[in-house]
Amino acid sequence: MKLKKIKKIFVFSIMLLVGMTTVGMLNSCKKDKTNKDETIQDEPQKEVYVDLGLPSGTKWKSENETNSSSGDDFFTYDEAVAKFGDNLPTKLQAEELKNNCNWDFQNGVCKVTGTNGKYIILPASGFRYDGVVDYVGSFGYFWTSTPEDALNAYEFHFSSYGKEVFYSARANGFSVRLVQK
């Protein structure tokens, strides 16, 4: 049992290390060079699903889903798939968002602006691992519907270091942002 927990911590540490060491290769979230203290304003969205002008036509929901059963608004992969099914983004849709939008990370949120100038706000809500919520304000993790294997599934995450689509343990608690075609 203790070896299994050590293995989970090791895998998670490697995941964070990979994310941090690929900073140079990632198209990092840009900070405003003119006024570093300027906060991204989370203006009310008029649209429930926002068309960001992506090539696939995928629209992204303007808010995260809530999880009243966990009390922390995080979902395991299996919970997210069971509750939201086809409304979860696929790995390809997450990569499209990553590669086709401008990501501006400031003060715990990332403003993701599409090619048409419309945007969504993704909070750096952190994640839940082994019952503990951590990295709030520093990292944002979101599930996709794409499994990697029996123990892992793809997610997309961002921080001031950059953004990436990668896989994580299905037992982790991540945020959920839905899509619509």
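Just so we're clear, the structure is a prediction, and the values are computed from it rather than from any experiment.
Annotation: side chain of Val81 is not in contact with side chain of Trp143 (no heavy-atom distance under 4.5 Å). Residues Asp73 and Ser125 are not in side-chain contact: their nearest non-hydrogen atoms beyond the backbone lie 4.5 Å or more apart. When side chains are defined from C-beta on, Tyr77 does not count as touching Phe174, because their heavy atoms never get closer than 4.5 Å. Within the 4.5 Å cutoff, no side-chain heavy atoms of Tyr49 are placed close to those of Ser62. Between Val48 and Lys61, some side-chain heavy-atom pair lies under the 4.5 Å cut-off. Side-chain contact between Phe158 and Leu122 is present, with heavy atoms from C-beta onward closer than 4.5 Å.
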Please tabulate, for side-chain N and O atoms in residues 88-97, each donor-acceptor pair with protein atoms closer than 3.5 Å (sequence neighbours left out).
residue	atom	partner	partner atom	Å
Thr90	OG1	Leu92	N	3.4
Thr90	OG1	Gln93	N	3.1
Thr90	OG1	Gln93	OE1	3.4
Gln93	OE1	Thr90	N	2.8
Gln93	NE2	Thr58	OG1	3.2
Glu96	OE1	Ser56	OG	2.7
Glu96	OE2	Ser56	N	2.8
Glu96	OE2	Ser56	OG	3.2

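Taking all atoms of both residues into account, the shortest heavy-atom contact from Ala80 to Val176 is CB-CG2, 3.9 Å. The shortest non-hydrogen separation linking Ala124 to Ser138 is CB-N, 3.9 Å. Closest of all the heavy-atom pairs between Leu54 and Cys101 is CD2-SG, 3.8 Å. Taking all atoms of both residues into account, the shortest heavy-atom contact from Ala171 to Thr76 is O-CG2, 3.6 Å. When all heavy atoms of Lys118 and Leu52 are compared, the pair lying nearest together is O-CD2, 3.2 Å. A pairwise comparison of heavy atoms in Glu164 and Lys98 identifies CA-CD, 4.2 Å as the closest pair.
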* Asked: How far apart are the C-alpha atoms of Phe127 and Tyr135, what are their side-chain angles, what is the distance that settles it, and do they pass the ring pair (Phe, Tyr, Trp, His ring centres under 6.0 Å) test?
  -> CA-CA 7 Å; Phe127 56 88; Tyr135 294 101; 5.5 Å; yes
* Asked: Would Phe75 and Phe84 satisfy ring pair (Phe, Tyr, Trp, His ring centres under 6.0 Å), going step by step from the backbone distance to the final call?
  -> CA-CA 11 Å; Phe75 298 83; Phe84 304 110; 5.3 Å; yes
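Between Phe156 and Trp103, the angle of the ring planes goes over 60°, which puts this pair in the perpendicular group of the 30/60° scheme.
Take Val136 and apply the side-chain contact (heavy atoms from CB on, under 4.5 Å) test, not counting sequence neighbours, and it matches Val133. Residues passing the salt bridge (Lys or Arg N to Asp or Glu O under 4.0 Å) test with Asp134: none are found, sequence neighbours excluded.
Tyr141 OH to Arg128 CZ: the interatomic distance, rounded to the nearest 0.5 Å, is 15.0 Å. Put simply, CG on Asn64 and CG on Leu178 are 9.0 Å apart, with the number rounded to the nearest 0.5 Å. Note that the CG atom of Asp72 and the OG1 atom of Thr66 stand 11.0 Å from one another [nearest 0.5 Å]. Summarising the geometry, atom CD1 belonging to Ile121 is positioned 8.5 Å from atom CG belonging to Asp104; distances are rounded to the nearest 0.5 Å. One finds the CZ atom of Phe139 at 8.5 Å from the CZ atom of Phe105 (value rounded to the nearest 0.5 Å). Of the inter-residue distances, the one linking Glu155 atom CD with Phe142 atom CZ reads 10.5 Å to the nearest 0.5 angstrom.
In this structure, Asp51 places its CG atom where more than 12 heavy-atom neighbours from other residues, nucleotides or ligands lie under 6.0 Å away. Other residues, nucleotides and ligands contribute at most 12 non-hydrogen atoms within 6.0 Å of the CD atom of Glu63.
In terms of modelled atom types and a separation under 3.5 Å, the side chain of Arg170 and the main chain of Asp149 share a donor-acceptor contact. When atom types are taken as modelled, the side chain of Thr144 and the backbone of Tyr154 share a donor-acceptor pair closer than 3.5 angstrom.
When the options Ile120, Asn116, Val112 are evaluated for a side-chain contact (heavy atoms from CB on, under 4.5 Å) with Val50, the one that passes is Ile120.
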